[in-house]
Amino acid sequence: MNTTKLKALVDQATPEERLFLEQYLAHLQRSEDPRYAEELAGRHRDMDAGQKVTLAQATRLHEALEKQGL
């Protein structure tokens with residue numbers, strides 16, 4: 001598929017489909033970055049070492065961030 005066809009496809013997409021595409025492309029970019037892979041590995045090591053949060057803690061943090069508009 002060439003860029004003209006891709007552009008036409010995106011132009012016809014719904015906002016929800018564009019958001020999905022944006023996030024998917026960002027994921028692909030990150031997955032090819034060795035720095036991101038190391039950061040992710042570090043986070044896994046932290047969790048394996050017991051640095052975790054409960055669902056209740058994560059929910060409270062999410063709600064607090066939403067109130068801040070983040």
Side-chain angles (χ1 to χ4, degrees):
M1 183 176 290
N2 63 34
T3 55
T4 302
K5 289 180 181 178
L6 284 172
K7 185 177 180 302
L9 185 66
V10 171
D11 287 345
Q12 296 173 12
T14 67
E16 292 82 14
E17 291 167 334
R18 288 179 185 173
L19 179 61
F20 171 82
L21 182 58
E22 176 185 359
Q23 294 302 310
Y24 180 67
L25 292 172
H27 161 73
L28 289 179
Q29 286 295 111
R30 285 190 308 268
S31 69
E32 296 172 356
D33 184 346
R35 293 172 298 175
Y36 179 73
E38 179 53 39
E39 178 185 339
L40 193 56
R43 289 181 184 194
H44 283 140
R45 285 190 297 272
D46 291 345
M47 288 188 294
D48 289 343
Q51 297 178 9
K52 302 176 184 180
V53 297
T54 65
L55 178 58
Q57 290 170 319
T59 300
R60 284 193 300 273
L61 176 59
H62 176 73
E63 289 170 352
L65 291 170
E66 277 189 325
K67 286 180 184 177
Q68 294 177 29
L70 302 175

Distance col, row His62:NE2 vs Leu55:CG, nearest 0.5 angstrom, shows 11.5 Å

Partner of Lys7 under side-chain contact (heavy atoms from CB on, under 4.5 Å), picked from Thr4, Leu9, Asp11, Thr3, is Asp11

Residues passing the side-chain contact (heavy atoms from CB on, under 4.5 Å) test with Leu6, sequence neighbours excluded, are Met1

*Single-linkage hydrophobic cluster, 4.5 Å side-chain cutoff, Leu19 and Leu25 together*: no

message: Show, in sequence, the C-alpha distance, side-chain angles and deciding distance for Leu61 and Val53, and conclude whether the side-chain contact (heavy atoms from CB on, under 4.5 Å) test is met.
response: CA-CA 10 Å; Leu61 176 59; Val53 297; over 6 Å; no

Show me, pair by pair, the donor-acceptor contacts under 3.5 angstrom made by side chains of residues 34-44, not counting sequence neighbours?
residue: Arg35; atom: NE; partner: Asp33; partner atom: OD1; Å: 3.3
residue: Arg35; atom: NH2; partner: Asp33; partner atom: OD2; Å: 3.2
residue: Glu38; atom: OE2; partner: Arg45; partner atom: NH2; Å: 2.8
residue: Glu39; atom: OE2; partner: Arg43; partner atom: NE; Å: 3.3
residue: Glu39; atom: OE2; partner: Arg43; partner atom: NH2; Å: 2.5
residue: His44; atom: ND1; partner: Leu40; partner atom: O; Å: 3.4

Residues pairing under side chain to side chain donor-acceptor pair (under 3.5 Å) where one sits in residues 17-32, two or more places apart or in two chains, turn out to be Thr14-Glu17

